[in-house]
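Atom set for the values below is all heavy atoms of this structure, side chains included, hydrogens, waters and symmetry mates excluded. A quick note: this is a predicted structure, and the numbers were derived from the prediction, not measured.
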Amino acid sequence: MRAWVVEGTGAPGEVLRLIDKPVPDSREGTFLMEVGAVGVGLPDVFMCKGTYPLAPKEGSFTSGQEVCGTVIEAGDGVELEPGQRVMTVTSFQTGDGGFAEQCLGLGHSWFTVPDSMDDAAAAGFLIPYHTAWIGLVRRGSLAAAETLLVLGAAGGTGAAACSLGAALGARVIAVAGGPERCEAAAGFGAHQTVDHRDGDIAAAVMELTDGRGVDVVYDPVGGDAYTAATRCVARDARIVLIGFASGEWAPVNVRHMVQRNYSVVGAIPARYSREERLDDHRELSALWDAGSITSVVSATYSLEDLPEAMAALESRQVIGRVVLDLSSG
């Protein structure tokens, strides 16, 4: 099969190689699948650079965390049949990720695909929307009529948080960089936007909320954006930490938390049981079927164009989720 491998450490264009490699064998707890589409995310860029903690530690490997495709063969302990169409997290940690014609899916992390969702949309649904659900519902306890601030709102996970937050009845304020990205965030569901290039994020948010601040912050960015968000939170606010797209984790100031009476929590889907994840997926699928949430995929590339897709993602030339679409050939 054709597959991209990471050889060495460096910029994606320097370390990615498209090669022919053996099809991986399905192991216990995994299944072999034909890839229809695969999501491309900043963690894949970080894996090339050697800065992502969950990447394989030695040798060349194939990354690509999130795919939609068709089951070929299930390993022991996996209740799937050949021909089933699923979305799943891949076995990228063993080097058998989705940037290939076939890959290994994890038997505890596959989910059904709504009939109205194509492969490309499904390849950009699982990680952004499951993360948004756990961040906003399970960890952030977002309630209808509360105000939600989404950082990095034009990126894949931020876009999902905008869409889901609006579907849950919250007032959504989105932070993005530049008029085009702010407009995109509004298209994903944000009611108001703040362009962080225009100046002080906190001052703009406080003005929009008449000095009250926001109830929940969804932060996939970290760094300075997190610090700005801490200055525009309401009493009893919850800041949900998702990732570090800025390259720096949130610099949490415990003294400030106590003085301002807000909490900071982390959110990651991997810490939840299969049953809890299935419950979340049923809720999200129902929202999709009702038209309440939308696809956050806005750019598709071919398998051959993975380095270009990563470069566009890293340079912020794309909005929303980026996927490689293999279904057309």
- Does the side-chain contact (heavy atoms from CB on, under 4.5 Å) test come out yes or no for V35 and M1, once each step is laid out? CA-CA 11 Å; V35 177; M1 67 174 187; over 6 Å; no

- Task: Quickly, which of D119, D115, T70 forms a side-chain hydrogen bond (donor to acceptor under 3.5 Å, both in side chains) with R85? Name it, please.
- Result: D119

- Message: How close do P12 and V45 get, counting heavy atoms only, and between which atoms?
- Response: CG-CG1, 4.1 Å

- Task: Taking all heavy atoms of V15 and all of G10, pick out the closest pair and write down the distance.
- Result: CG1-N, 3.4 Å

- Message: Taking CG in D224 as the centre, count heavy atoms belonging to other residues, nucleotides or ligands within less than 6.0 Å. Is the count above 12?
- Response: no

- Task: Classify the side-chain pair H256/Y262 by whether it contains a donor and acceptor separated by less than 3.5 Å.
- Result: yes

- Item | Nearest heavy atoms of A161 and L136, plus distance in Å | O-CD1, 3.7 Å

- Specify the closest pair of heavy atoms between I242 and P220, including all atoms of both residues, with the distance to one decimal. CB-CA, 3.8 Å

- Going from CG on L287 to CD1 on I293, what distance comes out if it is rounded to the nearest 0.5 angstrom? 5.0 Å

- Task: Using a cut-off of 6.0 Å, state whether more than 12 heavy atoms not belonging to E308 lie near its atom CD.
- Result: yes

- Task: Check whether any side-chain heavy atom of N253 sits under 4.5 Å from a side-chain heavy atom of T230, and report yes or no.
- Result: no

- Taking all heavy atoms of A309 and all of V322, pick out the closest pair and write down the distance. CB-CG1, 4.1 Å

- Query: Judged by atom type as modelled, is there a donor-acceptor pair below 3.5 Å linking the side chain of W4 to the main-chain atoms of L303?
  - Reply: yes

- From CG (L164) to OH (Y218), nearest 0.5 Å: 8.5 Å

- Query: Any side-chain heavy atom of T157 sitting closer than 4.5 Å to one from I127?
  - Reply: no

- Item | Close side-chain approach of T209 to C232, heavy-atom, < 4.5 Å | no

- Task: Give a yes or no on whether the backbone of L126 and the side-chain of E66 come within a donor-acceptor separation of less than 3.5 Å.
- Result: yes

- Check: G41 main-chain N/O paired with D44 side-chain donor or acceptor under 3.5 Å: yes

- Message: Using a 3.5 Å distance criterion without hydrogens, assess whether the side chain of R181 forms a donor-acceptor pair with backbone atoms of V318.
- Response: yes

- Message: Let's go through F92 and L54 carefully: what are the C-alpha distance in whole Å and the side-chain angles of both, what is the deciding distance for side-chain contact (heavy atoms from CB on, under 4.5 Å) to 0.1 Å, and is it a yes or a no?
- Response: CA-CA 9 Å; F92 69 93; L54 301 181; 4.1 Å; yes

- Message: To the closest 0.5 Å, what do you measure between CG (L284) and OG (S163)?
- Response: 10.0 Å

- Query: In the single-linkage hydrophobic clustering (I, L, V, M, F, W, Y; side-chain heavy atoms under 4.5 Å), do L32 and V5 co-cluster?
  - Reply: no

- Message: Can you confirm whether the side chains of S302 and E304 place a donor and an acceptor under 3.5 Å from each other?
- Response: yes

- Message: Treating S60 as the side-chain partner and E7 as the backbone partner, does any N or O pair qualify as donor plus acceptor under 3.5 Å?
- Response: no

- With the threshold set at 4.0 Å, does a side-chain nitrogen-carboxylate oxygen contact exist between R282 and D279? yes

- Message: Could you walk me through whether W110 and M33 satisfy the side-chain contact (heavy atoms from CB on, under 4.5 Å) test, starting with their C-alpha distance in whole Å, then the side-chain angles of each, then the deciding distance to 0.1 Å, before giving a yes or no?
- Response: CA-CA 11 Å; W110 66 267; M33 66 183 300; over 6 Å; no

- Item | Euclidean distance, Q93 CD relative to Q65 CD, rounded to 0.5 Å | 8.5 Å

- Step through the shown structure and confirm whether more than 12 heavy atoms of other residues, nucleotides or ligands are within 6.0 Å of CZ on R271. no

- Query: Hey, any chance W249 and V217 share a hydrophobic cluster, counting ILVMFWY side chains that come within less than 4.5 Å of each other, even indirectly?
  - Reply: no

- Task: Determine, step by step, whether I134 and I268 satisfy the side-chain contact (heavy atoms from CB on, under 4.5 Å) criterion, reporting the C-alpha distance in whole Å, the side-chain angles of both residues, the deciding distance to 0.1 Å, and the verdict.
- Result: CA-CA 7 Å; I134 287 167; I268 186 169; over 6 Å; no

- State, to 0.1 Å, how close G158 and V150 come at their nearest heavy-atom pair, and which atoms those are. O-CG1, 3.5 Å

- Note on the structure: Here the gap from Y301 atom OH to L326 atom CG, rounded to the nearest 0.5 Å, amounts to 15.0 Å

- Are V86 and V297 joined in one hydrophobic group, where the rule is that I, L, V, M, F, W and Y side chains link up if heavy atoms are under 4.5 Å apart? no

- Task: Taking the side chain as every heavy atom from C-beta outward, state whether V40 and F99 have any atom pair closer than 4.5 Å.
- Result: yes

- Item | Rounded distance [0.5 Å steps], CE in M47 versus OG1 in T62 | 11.0 Å

- Query: Can Y272 and H130 be said to form a ring pair (Phe, Tyr, Trp, His ring centres under 6.0 Å), step by step?
  - Reply: CA-CA 11 Å; Y272 289 85; H130 277 235; over 10 Å; no

- Message: Using side-chain heavy atoms (C-beta onward) and a distance below 4.5 Å, is F125 in contact with F111?
- Response: no

- Message: Testing the 3.5 Å rule here: is there a donor-acceptor pair between the side chains of T147 and R212?
- Response: no

- L168-F188 co-clustered via ILVMFWY side chain contacts under 4.5 Å: yes

- Assess R277 against Y129: is NZ or CZ under 6.0 Å from the centre of the six-membered ring, and within 45 degrees of the ring's axis? no

- Give a yes or no on whether E248 atom CD has more than 12 heavy-atom contacts from other residues, nucleotides or ligands under 6.0 Å away. yes

- Query: Does any N or O in the side chain of D96 come within less than 3.5 Å of the main-chain N or O of C103, such that one atom is a donor and the other an acceptor?
  - Reply: no

- Task: Taking the side chain as every heavy atom from C-beta outward, state whether L142 and D215 have any pair of such atoms under 4.5 Å apart.
- Result: no

- Message: Please check: side-chain N/O of R139 versus main-chain N/O of V240, any donor-acceptor pairing under 3.5 Å?
- Response: no

- Item | Greater than 12 external heavy atoms within 6.0 Å of E183's CD | no

- Item | Polar side-chain atom of T88 near backbone of S109 as donor-acceptor pair, under 3.5 Å | yes

- Query: Do F31 and V89 belong together in a cluster built from hydrophobic side chains that touch within less than 4.5 Å?
  - Reply: yes

- Message: Quick one, V252 and Y226 - any side-chain contact, counting heavy atoms below 4.5 Å?
- Response: yes

- Side-chain contact, heavy-atom cut-off 4.5 Å: H196 with V221? no

- Item | Backbone of S91 reached by a side-chain donor or acceptor of T94 within 3.5 Å | yes

- Message: For the backbone of G140 and the side chain of R238, can you confirm whether one donor and one acceptor N or O come within less than 3.5 Å of each other?
- Response: yes

